[in-house]
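A quick write-up on the structure given underneath.
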Amino acid sequence: MWLTRRPRGPLKDTISLAAFVLAVVAACAFVVSGFAGGAEEGLRDTRDQFRMGSASGEIVIVEIDGRSLEQLDTWPWPRSNYADAIRKLDAMGASQIAFDVDFSAYSNEAEDAALASAFAEIGQPALLPTFRQLNQAGAVQTYTEALPIPEFREHTFVASVNVAPSANGRITYYPYGVITNGVPRPSLANMLANANGAVGADFRVDQAIDINSIPRISFIDLVQGRVASDQVAGKKIVIGATAIELFDRYPTALFGVQPGVAIQVQAAETLLQDRARSDSGQVLPLTLTALVLGLLLIYRGRRGLKWLPASAAALSIGAINLVGALVLDQLSAVHIALASPLLFVGTFVGARRIMAAMATIEAERMTDTATRLPNLAAMQRKLLAHKKPWIAAVRFADFAEIGALLSGEDQVKLERDIARRLQLAAGGEDIYRLEAGAFACFASQRQADSPEAEFAAARAVFNAGFEVAGEKLRLNPHFGLAQGDIKGALDAAETARKQGLGFSADAQSLQSDAQFKQRLLGELDEALENGDISVVFQPKIRLADDAISGAECLVRWESAQLGRVSAADFIPILEEKNRISALTHFVLAQALARREEALQQGHALNIAVNISAQLLTNREFVEEMLAVLSKEQVGTKGGLTLEITESAPLADSSAAKTALVDLAEAGARISIDDYGTGQATLHYLQDFPVQELKLDQSFIRDLENNNKDRIMVQSTIEMAHALGFKVVGEGVETAEILKILRALGCDYVQGWHTGKPAEWSEYFAMVTGAAEAAKSKAA
Ligand code: C2E
Ligand code: CA
Ligand code: CA
C-alpha cells in the first residue's frame with residue numbers, strides 16, 4: 001500500500017551497523033578488562049567435561065592417608081618407615097620411586113641413617129623433592145632452596161615440586177622446572193614423564209585428566225605386605241600425603257579439593273599423555289568472528305540478501321565458532337577461546353533486537369494507530385529537518401457529523417481514501433493525519449506563492465464523491481497555509497472552514513512572506529538605477545543558415561542585500577504588485593540601444609523582450625510602447641520581438657488582444673512564450689497577430705528519450721507551419737536535441753548548447769565571430 005510508510009530497509013542496516021559497533025566495543029572492553037579471561041576459564045571447565053580422559057595408570061600414588069597415619073601413630077614418621085617402603089617397592093619392580101615428602105631437615109641420626117642406606121641399597125636413584133622458598137626481609141626478596149639433607153642426596157635425584165596457584169586457588173599452570181639462585185631444577189612432573197621440557201617455562205595442567213583414575217596404594221598396605229606386585233611392577237611410584245590433616249591440598253576445577261601429590265601426578269600425566277594444551281587467546285578468534293560477520297553484513301547489504309537476517313547470520317557464526325572449538329578440543333591440542341567471540345555475537349544479536357524494538361516503538365509513535373498514516377509526531381519530527389517550510393493543512397466541513405454516522409471501520413477507510421486523494425493533489429508528498437478529519441503536508445515555495453490556484457486544483461480532486469458503506473459522500477475541503485507552524489496551518493484551515501472559504505493563510509506567515517516582497521519592491525527602483533539589475537543576451541540561432549539571428553533579453557538581479565535574486569523568483573512578485581512596467585521599460589530601452597549599436601556595425605539582429613501578459617491590459621503602458629516603437633522606427637526595421645506567455649490575461653481580456661494588434665501593426669513581432677503549458681490552442685491563436693511560437697522547455701528537455709514529447713513537438717511544428725507561425729525550440733541543452741529539432745523542421749533554437757545568456761560584449765563577440773566564420777566558409 002503506497003500510503004503506509006516505506007519499507008525500513010536502510011533503517012535496518014543502520015541498526016545492524018550500530019549493533020555491530022556496539023558489539024565490537026563491548027567485546028574489546030570484555031577482553032581488556034580481563035573479564036573475558038575469567039569467563040573463558042568457566043567455559044573451559046565445561047568444555048573439559050567433554051574431553052575427560054583417564055590417567056595412564058603408569059604412575060601410582062603411594063598415599064600417606066588417614067588410615068596409615070592412624071596405624072603408624074607418630075608423625076612425623078620415623079624415616080625407617082620410608083626405608084621399608086622403598087625396599088618393598090624396589091623389590092616388586094617399581095620402575096621409578098619419587099617422594100613428595102619434605103626431607104629438608106634432620107630427624108634423628110639412626111632414622112636418617114636407615115633411610116640414607118635404603119636409598120643407597122635400592123637399584124635406582126629415587127627422586128626427592130626440592131622447593132624454592134621466598135624470604136621476605138624488608139624490601140629485598142631472596143630465595144632459598146629447601147633441598148633434602150646432604151646424606152639423602154648422595155644416591156638420589158632432586159626434582160622441584162613448586163607450584164603456583166592462580167587467583168582462584170587452582171593449580172592451572174605448572175612449571176617444567178624452577179631456577180633458584182641460578183640453579184635449574186626440572187620439576188617432578190617433567191622428570192616423571194621424561195618430557196625434557198624447558199626449565200623456566202610453564203604448561204597447563206590438563207584438568208580433563210580424571211584424578212580419581214590415578215591408581216593409589218595406601219602406605220600402610222604397602223608396608224604390611226597387602227599389595228600385589230603387579231600393582232607396582234614397571235610403574236612409577238610417587239609417595240605423598242593425602243591425609244586431610246596434612247594440609248597439602250588445593251582446589252581443582254572438576255574434582256573438588258585434591259592433595260598436592262595428586263595434582264603433581266595429574267601434571268605428570270598431562271606431559272606423559274601429551275595433553276598440554278596451547279591457547280589461541282581472545283584476540284584472534286574475536287577478530288576473525290567480527291571480520292566474518294562484518295564482511296557478511298556488507299555482502300548482504302550489497303546483494304540485498306533479504307532471506308538472510310543479520311541476527312541469524314550472527315548466530316550461525318557463533319554456532320560455527322562453538323562447534324569448531326569443540327571439535328578442535330577433541331582433535332587438537334589448541335584451545336580456541338570462545339568467551340569474547342560469543343559475547344560479541346550475543347551483544348550484536350541482543351543490541352539489534354533492542355534497537356529494532358525501539359525503532360518499532362518509535363515508528364509506532366509516528367503512526368496513527370487506526371489509519372496507519374504518519375501522524376502529528378511524525379510531522380513535527382520532519383519539521384525539525386526543514387528550514388521554516390510551508391505547511392498546508394486541510395479540514396472538512398461537517399466531518400464530525402459525517403464521522404458520527406459511520407462505523408469505526410468505515411471512518412478509517414474514509415480517512416485513508418481522503419489521504420490518498422490529498423497525496424494525488426500534493427504530487428506524491430507524504431500526507432500526515434493530525435486529528436480526525438484533519439490532514440497536512442509540506443508545501444513548496446511555488447505552491448505558497450500562488451495558493452489560490454494550488455488549492456483550487458486540490459479542491460477539484462474532491463469534486464468526485466467518496467464511496468462509504470455503499471453510499472456516495474461528498475466532502476468539502478478547507479485548506480490552511482502557514483510557514484513552519486503546524487498548528488498555525490491547522491488553525492488557518494479551521495478559519496477557512498468556519499468562514500466557508502476555500503483556503504486561508506496564517507496571518508503571521510503571510511506577513512513574513514509579505515515583508516520579503518516588500519523589501520524586494522523597496523529595493524527595485526534603486527537596483528534599476530545603480531546597475532544591480534542588468535540585462536543579459538541569449539543567442540537565438542536560425543537553423544536555415546545556422547546564423548545568430550538575434551537574442552532574448554533576460555534580466556539579472558545581483559543585490560548587495562538579498563544576494564542573487566532569480567528572475568523566476570522576482571518577476572512574479574513584480575507582476576503581483578503591479579511593478580513590472582518600470583522593469584520592462586528598462587529592458588526595452590537596453591534592447592533597443594544594443595540593437596542600434598549592432599546595426600551601426602552592420603549586424604541586423606532581432607532582439608526579443610519578455611512582456612508580462614498583464615501589461616497588455618495596461619493601456620498606459622501599451623501607449624508608451626507604441627510611442628517608443630514609432631519614434632525608433634524599429635517596427636519598420638523588423639528588429640523587435642515581444643515574448644508573451646500564454647496565460648489567463650491574454651485569453652480573457654479583449655484589451656490584451658487589442659494591444660497585441662496595435663503593437664503588431666507598429667512593427668513588433670509577437671511570440672507566444674512557454675507554448676504548450678497553457679490552454680491556448682493553435683486555432684485559437686490564429687485570431688491573434690502572432691508570428692512565432694516558443695515551445696516550452698519542458699517538452700524539449702527530454703526529447704531524446706520521451707516519445708510523447710517528440711510526437712507533441714513534431715505535430716506542433718507541422719501545424720504551426722501550416723498556420724504560418726515560426727517555431728522556436730528553447731532549452732536546447734545537447735547536440736542530440738538540436739539534431740532532433742533540426743530533423744523535425746524547427747525554425748529557431750535557443751539554449752545552453754547553442755549559447756548561454758551573456759553580457760552584451762560577450763554576446764556580440766559571438767555574433768561577429770559567427771559572421772566571420774560564415775563568410776570565410778562561403779568564400
Ligand atoms: P523564459 O522567458 O522562458 O526564459 C528562458 C529561461 O530559460 C531563462 O531563465 C534562461 O536563462 C533559461 N534557459 C535558457 N537556455 C536554457 C537551457 O538550455 N537550459 C535551461 N535549463 N534553461 C535555459 P531566467 O533568465 O532565469 O528567466 C526566467 C524567466 O523570467 C523567463 O523565462 C521569463 O519568464 C522571466 N523573465 C526574464 N527576464 C524578464 C523580463 O525582462 N521581463 C519579464 N516580464 N520577464 C522576464
Ligand atoms: Ca522568454
Ligand atoms: Ca520560455
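All values below come from the heavy atoms of this structure, side chains included, with hydrogens, waters and symmetry mates left out. Numbering of ligands and ligand atoms starts at 1, following listing order.
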Can you confirm whether or not the ring centre of [X] sits under 6.0 Å from the ring centre of [Y]?
X	Y	answer
F570	W557	yes
F503	F455	yes
F764	F537	no

Quick check: are there more than 12 heavy atoms from other residues, nucleotides or ligands sitting under 6.0 Å from CZ of R619?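 It does: R619 CZ has more than 12 such atoms within range.
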
Atom indices of ligand 1, in the order listed, that fall short of 4.0 Å to a heavy atom of [X]:
X	result
G751	15 (N), 18 (O)
E730	3 (O), 5 (C)
S612	44 (N)
D674	3 (O)
E552	2 (O), 4 (O)
Q538	14 (C), 15 (N)
P757	11 (O)

Please determine, by modelled atom types, if [X] and [Y] share a side-chain donor-acceptor pair under 3.5 angstrom.
X	Y	answer
T641	N606	yes
W390	Q447	no
Q538	E552	no
S671	E643	no

Can you check whether a protein heavy atom sits less than 4.0 angstrom from [atom]?
atom	result
atom 41 (O) of ligand 1	yes
atom 9 (O) of ligand 1	no
atom 22 (N) of ligand 1	yes

Nearest 0.5 Å, please: how far is CZ in R742 from CG in L744?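 So the gap between those two atoms works out to 12.0 Å.
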
Write down the atom of C746, the atom of G729, and the distance for their closest heavy-atom approach.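 Looking at all heavy atoms of both residues, the closest pair is SG-N, 3.5 Å.
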
Nearest-contact summary for atom 36 (N) of ligand 1 - protein heavy atom, Å: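 Answer for atom 36 (N) of ligand 1: I571 CG1, 4.0 Å.
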
Can you report which non-hydrogen protein atom sits closest to atom 6 (C) of ligand 1, along with the distance?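 For atom 6 (C) of ligand 1, the nearest protein heavy atom is Q697 NE2, 3.5 Å.
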
Under-4.0 Å heavy-atom contact with ligand 1, by part of N610 that carries it: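 Near ligand 1, N610 shows its backbone as well as its side chain.
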
Where on R701 is there a heavy atom closer than 4.0 Å to ligand 1, on the side chain, on the backbone, on both, or on neither?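 It is neither; nothing of R701 touches ligand 1.
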
The Ca ion (ligand 3) contact by E730, N, O or S atom under 3.0 Å: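 Here the distance criterion (N, O or S atom, under 3.0 Å) is met by E730, so yes.
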
Among [options], which one puts a heavy atom closest to [atom]?
atom	options	result
atom 38 (N) of ligand 1	I644, I700, T645, V555	V555
atom 30 (O) of ligand 1	S671, A608, A567, A613	A567
atom 2 (O) of ligand 1	V732, L554, D673, V749	D673

Which atom, among the N/O/S set of D673, is closest to the Ca ion (ligand 2)?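 Result: OD2.
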
Tell me which N, O or S atom from E643 is the closest to the Ca ion (ligand 2).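 E643's closest N, O or S atom to the Ca ion (ligand 2) is named OE1.
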
Do NZ/NE/NH1/NH2 and the carboxylate oxygens of [X] and [Y] come within less than 4.0 Å?
X	Y	value
D546	R542	no
E692	K540	yes
E704	R710	no

Backbone or side-chain N or O of [X] under 3.5 Å from ligand 1 N or O:
X	answer
W752	yes
Q750	no
E733	yes

Within 45 degrees of the axis of the six-membered ring of Y748 and under 6.0 Å from its centre: does K726 put its NZ or CZ there?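 Relative to the ring axis of Y748, which defines the angle, K726 lies outside at least one limit.
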
With carbon and hydrogen excluded and only N/O/S kept, which atom of D674 is nearest the Ca ion (ligand 3)?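 Answer by atom name: OD1.
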
Would you say that R556 contacts S534 through its side chain, given a criterion of any heavy-atom pair below 4.5 Å between the two side chains?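 Counting from C-beta outward, R556 and S534 do come under 4.5 Å.
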
With the threshold set at under 4.0 angstrom, would you say R556 reaches ligand 1 through any of its heavy atoms?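 R556: in contact with ligand 1 (<4.0 Å).
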
Do any heavy atoms of H753 fall under 4.0 Å from ligand 1?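 No.
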
Report whether any nitrogen, oxygen or sulfur of N610 sits less than 3.0 Å from the Ca ion (ligand 2) (N, O or S, backbone or side chain).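 Looking at N610, which is the residue asked about, there is an N, O or S atom under 3.0 Å from the Ca ion (ligand 2).
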
May I ask you to check if any N/O/S atom from E552 comes under 3.0 Å of the Ca ion (ligand 2)?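 Checking the Ca ion (ligand 2) against E552, an N, O or S atom does fall under 3.0 Å.
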
Name the residue from E597, E596, Q590 that meets the side chain to side chain donor-acceptor pair (under 3.5 Å) definition with R594.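 One option only clears the test, and that one is E597.
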
